[in-house]
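What follows is a set of notes on a single structure, which appears directly below.
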Amino acid sequence: MTDPASPDVPPDATEALSRALRMGEDVLGEWYRAVFPEVRRLARGLLARRDIADDVAQDVMLHLADRIAQWNPDNPFRAWSRRAVVNRCRSVQRSARRRDEHEGAAGAAFHEGTLPRPEDAATAEELSALIDRSLDLLPPREREVFVLIDLEGSSASEAADALEITASTVRAALSMARRRLRDALAPHLAEEGLA
């Protein structure tokens, strides 16, 4: 059984999760408030669309709550919850691709000049749009790895567990993701004298 002080479960979520498993639905709200911020951050990073990501995060939380009794405490909670986020985000992305194909759209291709210029990114919203669009340049696997490791602070082995791939595949995808982002952002950073 997982140690209640395990670093795998966010500290404020550990006790709420333990009580939820023991006492049922009346404490699931506390568990939800403890786990939701990480689920939302991860969904936002993977989808690079806040409007859709917030809905996905809500769906994932309902999925986790429905299946909380099925969670095996011998397996890491964080990997289990992250796997649910990754799978739901992949499903949303597949649906969006199919919808685009059916509507005749050829997918969202990156065109020079579609990113806001850094000097125009004076507000947090504009900066957020730059980050979202930059992440959207990455193929799904590379985006998943980049978000888990560079934005969420996971180790390669934690990311591998969440994505159900090998740690060496994670490291290769991370290297490619960083290179693509550096190449895509270089013109914008050079304009600001940051490159």
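From a predicted model like this one, the values you see are computed outputs, not experimental measurements.
With sequence neighbours excluded, the residues that form a side chain to side chain contact (heavy atoms under 4.5 Å, CB included) with Ser155 are Ser157, Glu158. For the side chain to side chain contact (heavy atoms under 4.5 Å, CB included) test, residues two or more places apart in sequence or in another chain that qualify with Thr166 are Ser168, Thr169. Residues passing the side chain to side chain donor-acceptor pair (under 3.5 Å) test with Asp150, sequence neighbours excluded: Arg178. Remark: Arg41 pairs with Pro37, Glu38, Glu152 by the side chain to side chain contact (heavy atoms under 4.5 Å, CB included) rule, at least two apart or across chains. For Asp54, the side chain to side chain donor-acceptor pair (under 3.5 Å) partners two or more places apart in sequence, or in a different chain, are Arg44. In this view, Arg90 and Glu144 satisfy the side chain to side chain donor-acceptor pair (under 3.5 Å) rule, not counting sequence neighbours. With sequence neighbours excluded, the residues that form a salt bridge (charged side-chain N to carboxylate O under 4.0 Å, His left out) with Asp51 are Arg49. Take Arg180 and apply the side chain to side chain contact (heavy atoms under 4.5 Å, CB included) test, not counting sequence neighbours, and it matches Leu138, Pro139, Glu142, Met176. Judged as a side chain to side chain donor-acceptor pair (under 3.5 Å), and not counting sequence neighbours, the contacts of Arg88 are Asp59. Under the rule for a salt bridge (charged side-chain N to carboxylate O under 4.0 Å, His left out), Arg171 has no partner lying at least two apart in sequence or in another chain.
Checking side-chain atoms of Arg83 against main-chain N and O of Asp161 turns up a donor-acceptor pair under 3.5 Å. Judged purely by atom type and a 3.5 angstrom limit, Ser154 has no side-chain atom pairing as donor or acceptor with the backbone of Ala159.
For the atom pair CG (Leu47) and CD1 (Ile52), the distance works out to 7.0 Å, reported to the nearest 0.5 Å.
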